[in-house]
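Chain letters run A, B, ... following the sequence lines, proteins first, then strands; residues in each count from 1.
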Protein chains: 2
Amino acid sequence: MTKDEPTREERIRRKSRKRREDEKQEVRQAILSAATALFLKLGTEGFSLRGVAEEAGYSPGTIYLYFENKDDLLYTVADEGFQRFLIMLHDAASDNLEPIDQLRQMANAYVSFGLDYPAHYRVMFIDRTDFIASDERAQDWQATLQALRDTVQKAIDSGDFQPVDVAATSDALWAFLHGAVSLAITMQSFDAERRASMLSMTHQLIDTLVDGLRKG
Amino acid sequence: MTKDEPTREERIRRKSRKRREDEKQEVRQAILSAATALFLKLGTEGFSLRGVAEEAGYSPGTIYLYFENKDDLLYTVADEGFQRFLIMLHDAASDNLEPIDQLRQMANAYVSFGLDYPAHYRVMFIDRTDFIASDERAQDWQATLQALRDTVQKAIDSGDFQPVDVAATSDALWAFLHGAVSLAITMQSFDAERRASMLSMTHQLIDTLVDGLRKG
DNA sequence: TTCATTTGATGAACGCTGTTCAGGAGATAA
DNA sequence: TTATCTCCTGAACAGCGTTCATCAAATGAA
């Protein structure tokens with residue numbers, strides 16, 4: 001008997017287990033993708049588990065093998081969004097730029113995220129804000145806001161900004177960005193040109209704000 | 001027979017008809033109030049016609065005697081909101097102030113409206129933005145935005161502002177205000193102090209923006 | 001190969017929702 | 001008193017989220 005080496009059967013069993021585990025993850029991801037697509041198409045009202053099941057090609061009950069319930073499914077969509085969002089914000093901030101330029105880059109990243117992942121943004125910040133309220137799962141969310149605060153703090157520490165209230169300032173900047181993205185996403189009556197010029201002006205005004213926060 | 005004068009019976013009949021008409025309006029208003037209260041308490045998810053019916057003291061079917069359907073009921077709430085909103089904005093603008101101060105007053109009025117009528121604001125601008133998209137009923141909504149545009153235009157005409165793009169500028173200002181009010185309303189995890197300091201900073205930064213838009 | 005066990009998916013069922021509608025009770029008109 | 005009209009009800013239907021007994025197939029052991 002070869003000492004500690006797994007037998008052929010053992011190896012087969014392991015690979016089989018792994019393959020089935022991978023398949024499970026694929027099904028889970030398929031349901032998640034169907035949910036994201038459906039949420040984008042139908043919004044919070046028309047979105048239904050039965051619709052997700054049909055889109056993914058399973059019966060409604062199957063969803064409960066992969067997610068606790070409807071809220072858990074939507075929360076997972078939001079969570080996926082927060083992770084991508086955090087990466088995008090950190091990437092924007094870690095370009096070796098001056099704090100003020102970092103801030104501008106983060107503003108760009110914020111808007112880009114909203115436009116690139118509107119379904120995620122809706123769940124995260126518009127339709128299901130209850131997820132991040134009083135929930136221990138709000139970690140990723142707080143990290144994203146912390147990234148903004150850190151950058152404002154750096155701008156103050158470097159002497160670029162006046163010593164403003166960091167929390168209030170970054171919350172207000174967040175509000176501006178959130179408002180622009182929200183309107184761009186939800187106001188379906190806006191044509192592409194209006195949306196674009198509003199966002200462009202938003203970026204200009206963010207620059208104006210940043211200038212206004214400068215020392216002296 | 002006294003010529004054209006109505007008989008006593010005729011007078012009674014008219015008053016009776018009017019009284020019953022008033023009672024109908026009262027029931028309608030009661031349903032509307034119940035709906036507003038319930039929407040504020042439960043949000044778009046938990047809000048149900050059966051809940052409204054119970055709150056108002058009628059059976060579910062009765063609501064359909066006064067409103068077309070659930071959307072019509074919610075739209076009526078939104079419409080009520082738009083009317084009050086328009087009055088508040090016009091009041092703010094018609095103080096005989098300089099255009100720039102009018103703009104500041106309107107910003108204050110905007111935030112005040114959102115905080116005073118959060119249920120209406122949610123229906124109008126957050127949860128049911130589909131109402132004002134591609135609908136002939138969007139008149140009151142467009143009027144409110146027009147009020148903002150008019151004031152920006154006045155500031156340019158009076159020489160206070162640089163000749164910026166009026167539509168884009170007022171849309172961006174709107175975005176800022178909308179973001180602040182949205183966060184204040186929907187982020188239940190904010191304590192009162194954070195909410196207050198964010199809104200206070202928002203007003204400060206609006207002032208900064210207005211300064212930045214001044215003629216160089 | 002054969003057979004028991006485990007796994008993944010199903011479809012029926014429950015209580016909820018929005019919505020419709022035949023019917024009934026009470027006020028109104030004759 | 002009687003007939004008409006007005007307002008409201010409660011039952012019904014389809015669709016929703018959710019649960020669960022059941023079943024087919026894949027697995028692991030013999």
> Can you give each donor-acceptor pair under 3.5 Å made by side-chain atoms of residues 197-205 of chain A, sequence neighbours left out, with the distance rounded to 0.1 Å?
unit_1	atom_1	unit_2	atom_2	d
A:S197	OG	A:E193	O	3.3
A:S197	OG	A:R194	O	3.2
A:T202	OG1	A:M198	O	2.8
A:H203	ND1	A:L199	O	3.2
A:H203	NE2	A:N108	OD1	3.1

> If you look only at distance, which donor and acceptor atoms sit under 3.5 Å apart when one is on a side chain in residues 31-42 of chain A and the other is two or more places apart or in another chain?
unit_1	atom_1	unit_2	atom_2	d
A:S33	OG	A:Q29	O	3.0
A:T36	OG1	A:L32	O	2.9

> Applying salt bridge (charged side-chain N to carboxylate O under 4.0 Å, His left out), can you list everything that pairs with B:D165, at least two apart in sequence or on another chain?
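B:D165 satisfies salt bridge (charged side-chain N to carboxylate O under 4.0 Å, His left out) with no other residue.
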> Distance check needed: C:dG8 P versus A:Q25 CD, whole Å only.
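It is 11 Å, rounded to the nearest whole Å.
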> Give every pair of a protein N or O atom and an N or O atom of nucleotides 14-21 of chain D that lie under 3.5 Å apart, one pair per line with the distance.
unit_1	atom_1	unit_2	atom_2	d
D:dG17	OP1	A:L49	N	2.7
D:dG17	OP1	A:K70	NZ	3.4
D:dG17	OP2	A:L49	N	3.0
D:dG17	OP2	A:R50	N	3.3
D:dG17	N7	A:R50	NH1	2.3
D:dG17	O6	A:R50	NH1	3.4
D:dG17	O6	A:R50	NH2	3.4
D:dT18	OP2	A:Y64	OH	2.7
D:dT18	OP2	A:K70	N	2.7
D:dT18	O5'	A:Y64	OH	2.9

> Rounded to whole Å, please give me the gap between CZ in A:R28 and P in C:dA9.
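Answer to the nearest Å: 14 Å.
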> Sort and list the pairs that fulfil ring-ring contact (aromatic ring centres under 6.0 Å, His included) and have at least one residue in residues 52-72 of chain A, not counting sequence neighbours.
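Pairs touching residues 52-72 of chain A that pass the test: none.
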> Mind checking whether A:F125 and A:F131 have ring centres under 6.0 Å apart?
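Not close enough - the centres of the two rings lie 6.0 Å or further apart.
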> Which part of the nucleic acid, if any, lies within reach of B:Y66 when heavy atoms closer than 4.0 Å are counted: base, sugar-phosphate only, or nothing?
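Sugar-phosphate contact only.
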> Below 4.0 angstrom, which residues in residues 33-45 of chain B have at least one non-hydrogen atom near DNA chain D?
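None, since no heavy atom is under 4.0 Å.
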> If I take atom CD in residue A:E54 and atom P in nucleotide C:dA9, what distance separates them, rounded to the nearest angstrom?
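In whole Å, C:dA9 P lies 17 Å from A:E54 CD.
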> Atom CD of A:E23 and atom C1' of D:dT27: how far apart are they, to the nearest Å?
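Interatomic distance, CD of A:E23 to C1' of D:dT27: 13 Å.
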> Please tell me whether A:Y117 and A:F113 form a close aromatic pair, meaning their ring centres lie under 6.0 Å apart.
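That pair passes the under 6.0 Å test.
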> With sequence neighbours left out, write down each residue that passes salt bridge (charged side-chain N to carboxylate O under 4.0 Å, His left out) with B:D207, or none if nothing qualifies.
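Per chain and number, B:D207 pairs via salt bridge (charged side-chain N to carboxylate O under 4.0 Å, His left out) with B:R104.
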> Specify the separation, in whole Å, of atom CG of B:L65 and atom P of C:dA25.
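After rounding, the reported distance stands at 18 Å.
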> C:dT19 P sits how many Å from B:F67 CZ, rounded?
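Spelled out: CZ on B:F67 to P on C:dT19 is 13 Å.
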> Excluding sequence neighbours, so at least two apart, what forms salt bridge (charged side-chain N to carboxylate O under 4.0 Å, His left out) with A:D72?
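Partners of A:D72 under the salt bridge (charged side-chain N to carboxylate O under 4.0 Å, His left out) test: A:R137.
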> Below the 4.0 Å mark, does C:dT10 have OP1 or OP2 next to a side-chain nitrogen or oxygen of A:S59?
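Indeed, a polar side-chain atom of A:S59 lies that close.
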> Run the salt bridge (charged side-chain N to carboxylate O under 4.0 Å, His left out) test against B:D71 and tell me which residues pass, sequence neighbours left out.
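Per chain and number, B:D71 pairs via salt bridge (charged side-chain N to carboxylate O under 4.0 Å, His left out) with B:R128.
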> Rounded to whole Å, how long is the line connecting atom CD1 of A:I31 with atom P of C:dG8?
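To the nearest whole Å, that distance equals 12 Å.
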